[in-house]
Amino acid sequence: MPPALHDQLDIVIPTSAWAAVVKDGTVRSLDFLEQWRPFFEPYHLIVIQDGDPARTVGVPPGFDYELYNRNDIERILGDKAWCISFKDSACRKKRYIYTIDDDCFVAKTPSGEDINALEQHIRNLLTPSTPDFFNTLYDPYAEGADFVRGYPFSMREGRPTAVSHGLWLNIPDYDAPTQMVKPMERNTRYVDAVMTVPKGTLFPMCGMNLAFDREAIGPAMYFGLMGEGQPWGRYDDMWAGWCVKVVADHLGLGVKTGLPYIWHSKASNPFVNLRKEYKGIFWQEEIIPFFQGLRLPESVTDVEAGMLAIAEEVRTGLAHLDPYFVKLADGMVAWIEAWRQLNPKKEEA
């Protein structure tokens, strides 16, 4: 069992409009936390309230938490607050961060045991990744596994893990067209495996069950400028995932995906999703090859510089799709400027 990391890990919960509202319309409840109490109560929670900041979010008693809304974001970031999306999941201080959506509950193993998602994420983050050479028994650091015959001994030390990407049972993370043609489909397949996403390979990062090492990769976790007032939505976590993977590959960091599972309880409206996604469905056919072809300069030696380099590539390489991408590049720069302001280097502190 990995160490609990109570003093090194925060749980970030973006709360969205679906959450229950009491009769007077003033309180949105996070009662889903009751099911997570055995696992989350020892940790500090950071609740990010999307929507009307005049409403008060109800957090069950017994949890140690901070609550931030749009007013707090504007107060903290000042003239850079515009780079944070509004009414989109991008609304996400310790070294490790676990973020989970407010419609996600404790899943069970095939044998009926509750899954401690947080424990598995910690295990993933504290053990190395193997992005340079694929191990056919998946994670060689897991109990009961090892490196297979033919795996180079010089690579068995692995790479530091920056991201642990968990999965979901019940409601799949589908795009709107797939939702429409498979409205009743549910994910019931539990695969007891963790694997490293290979170097040079992108993946669709979902932010509803995600943990990361903030010191290793935090500045790359920019969930894009999307949602209300922007030409597309629902690609914010994927944009972050593309940036994260390019930077991680360049800096020799690993990304794991697979366990742990959570139970995703609520299917969003596919027609609303299509309105948000439709430009992205076309744009992704050029954006993904764009990211696949990105090679960061050798002069890039940290995540912040990597993000600034990607921003300039976005500015020149994607503006032909829509002038919005120039604004998105500006948002990435503003995000890094805000990150540096709020997270000074240790030698500068």
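Pairing each heavy atom of Leu137 with each of Ala145, the nearest pair is O-CB, 4.4 Å. Contact detail for Val303 and Ala216: the closest heavy-atom pair is CG2-O, 3.1 Å. Of all heavy-atom pairs spanning Gln292 and Leu202, the tightest one is CG-CD1, 3.7 Å. Residues Ala117 and Ile262 share a closest heavy-atom pair of CB-CG2, 4.0 Å. Shortest non-hydrogen contact noted between Pro140 and Thr130 is CG-CG2, 4.0 Å. Taking all atoms of both residues into account, the shortest heavy-atom contact from Asp237 to Cys206 is OD2-CA, 3.5 Å.
With Asn135 contributing its side chain and Asp146 its backbone, the two residues share a donor-acceptor pair below 3.5 Å. Looking only at distances, a side-chain donor or acceptor of Tyr261 sits under 3.5 Å from a matching main-chain atom of Val191. Using a distance-only test at 3.5 Å, with no hydrogens or angles considered, no donor-acceptor pair links the side chain of Glu74 to the main chain of Ala81. A donor-acceptor distance shorter than 3.5 angstrom exists from the side chain of Thr161 to the backbone of Ser129, with no hydrogens or angles considered. In this structure a side-chain-to-backbone donor-acceptor pair under 3.5 Å is missing from Thr99 to Leu210.
The shortest distance between side-chain heavy atoms of Trp82 and Leu225 falls below 4.5 Å. Residues Ile122 and Glu119 fail the side-chain proximity criterion, which asks for heavy atoms closer than 4.5 Å. Here the side chains of Leu318 and Leu328 are not in contact, with every heavy-atom distance at 4.5 Å or above. Side-chain contact between Gln179 and Asn269 is absent, with no heavy atoms from C-beta onward closer than 4.5 Å. Looking at Trp263 and Lys108, their side chains never come closer than 4.5 Å, going by heavy atoms from C-beta outward. Between Leu342 and Leu77, some side-chain heavy-atom pair lies under the 4.5 Å cut-off. The shortest side-chain heavy-atom distance between Tyr96 and Leu126 falls under the 4.5 Å cut-off. When side chains are defined from C-beta on, Glu313 does not count as touching Leu296, because their heavy atoms never get closer than 4.5 Å.
Rounded to the nearest 0.5 angstrom, Lys182 NZ and Thr178 OG1 are separated by 7.0 Å. To the nearest 0.5 Å, atoms CG (Leu125) and CG (Asp213) are separated by 6.5 Å. One finds the CD atom of Gln49 at 10.0 Å from the CD1 atom of Ile73 (value rounded to the nearest 0.5 Å). Expressed to the nearest 0.5 Å, how far OG1 of Thr15 lies from CZ of Phe32 amounts to 7.5 Å. Atom CG of residue Leu118 and atom CZ of residue Phe40 lie 6.0 Å apart, to the nearest 0.5 angstrom. Annotation: the span from Ile48 atom CD1 to Asp72 atom CG amounts to 8.5 Å, rounded to 0.5 Å.
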Evaluation steps, side-chain contact (heavy atoms from CB on, under 4.5 Å), between Lys279 and Gln230: CA-CA 11 Å; Lys279 286 191 176 181; Gln230 307 303 332; over 6 Å; no
message: Between Asp175 and Asn273, does the side-chain contact (heavy atoms from CB on, under 4.5 Å) criterion hold? Intermediate values first, please.
response: CA-CA 8 Å; Asp175 53 43; Asn273 289 346; over 6 Å; no
query: Is there a side-chain contact (heavy atoms from CB on, under 4.5 Å) between Asp114 and Asn116 once you walk through the steps?
result: CA-CA 6 Å; Asp114 286 347; Asn116 185 343; over 6 Å; no
- prompt: side-chain contact (heavy atoms from CB on, under 4.5 Å) between Asp10 and Arg214: does it pass, once the steps are laid out?
  reply: CA-CA 10 Å; Asp10 282 334; Arg214 187 174 173 276; over 6 Å; no
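Ring centroid separation for the pair Phe223 and Trp335 does not come in under the 6.0 Å cut-off. With ring centers used as reference points, His44 lies 6.0 Å or more from Tyr65. Between Tyr222 and Trp339, the ring center distance fails the sub-6.0 Å criterion.
Atom CZ of Phe291 sits in a crowded spot, with more than 12 heavy atoms from other residues, nucleotides or ligands closer than 6.0 Å. In the displayed structure, Lys80 atom NZ is contacted under 6.0 Å by more than 12 heavy atoms of other residues, nucleotides or ligands.
Phe290 meets the ring-ring contact (aromatic ring centres under 6.0 Å, His included) test with no other residue; sequence neighbours excluded. Residues passing the salt bridge (Lys or Arg N to Asp or Glu O under 4.0 Å) test with Glu286: none are found, sequence neighbours excluded. For Phe134, there are no ring-ring contact (aromatic ring centres under 6.0 Å, His included) partners, not counting sequence neighbours. Every side-chain contact (heavy atoms from CB on, under 4.5 Å) that Ile171 has, sequence neighbours left out, goes to Arg186, His264, Ala267. Qualifying ring-ring contact (aromatic ring centres under 6.0 Å, His included) partners for Phe212, counting only residues two or more places apart in sequence or in other chains: none.
Side-chain heavy atoms closer than 4.5 Å link hydrophobic residues (I, L, V, M, F, W, Y) into clusters, and following such links, possibly through other members, connects Val314 to Ile288. Residues Met205 and Ile281 fall within the same hydrophobic cluster, defined by Ile, Leu, Val, Met, Phe, Trp and Tyr side chains chained together at heavy-atom separations under 4.5 Å. If you chain together hydrophobic residues whose side chains sit under 4.5 Å apart, Tyr138 and Val194 never meet in one group. A continuous path of hydrophobic side-chain contacts links Ile100 to Phe63 [ILVMFWY only; heavy atoms under 4.5 Å]. Under the 4.5 Å side-chain heavy-atom criterion for grouping Ile, Leu, Val, Met, Phe, Trp and Tyr, Leu259 is connected to Met208 within one hydrophobic cluster.
The aromatic rings of Trp242 and Tyr235 are tilted relative to each other, their planes meeting at an angle between 30° and 60°. Using the six-membered ring where Trp is involved, Phe325 and Trp239 have ring planes that are tilted, between 30° and 60° apart. Relative ring orientation between His6 and Tyr43 is described as perpendicular, the plane-to-plane angle rising above 60° on a 0-90° scale split at 30° and 60°.
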Indicate every side-chain donor-acceptor pair of residues 246-258 with a distance under 3.5 Å to a residue at least two apart or in another chain.
residue: Asp249; atom: OD1; partner: Lys245; partner atom: NZ; Å: 2.8
residue: Asp249; atom: OD2; partner: Gly200; partner atom: N; Å: 2.8
residue: Asp249; atom: OD2; partner: Lys245; partner atom: NZ; Å: 3.1
residue: His250; atom: NE2; partner: Pro297; partner atom: O; Å: 3.3
residue: His250; atom: NE2; partner: Val300; partner atom: O; Å: 2.8
residue: Lys256; atom: NZ; partner: Asn124; partner atom: O; Å: 3.3
residue: Lys256; atom: NZ; partner: Thr127; partner atom: O; Å: 3.4
residue: Lys256; atom: NZ; partner: Thr127; partner atom: OG1; Å: 2.6
residue: Lys256; atom: NZ; partner: Pro128; partner atom: O; Å: 2.9
residue: Lys256; atom: NZ; partner: Asp139; partner atom: OD2; Å: 3.3
residue: Thr257; atom: OG1; partner: His165; partner atom: O; Å: 3.4
residue: Thr257; atom: OG1; partner: His165; partner atom: ND1; Å: 2.9

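Here the rule is ring pair (Phe, Tyr, Trp, His ring centres under 6.0 Å) with Phe133, and of Phe147, Tyr151, Phe153 only Tyr151 fits it.
The residues Glu337 and Arg340 are annotated as not salt-bridged, no charged nitrogen and carboxylate oxygen being separated by less than 4.0 angstrom. Contact check on Asp330 versus Arg315 returns a salt bridge, with a Lys/Arg side-chain nitrogen under 4.0 Å from an Asp/Glu carboxylate oxygen.
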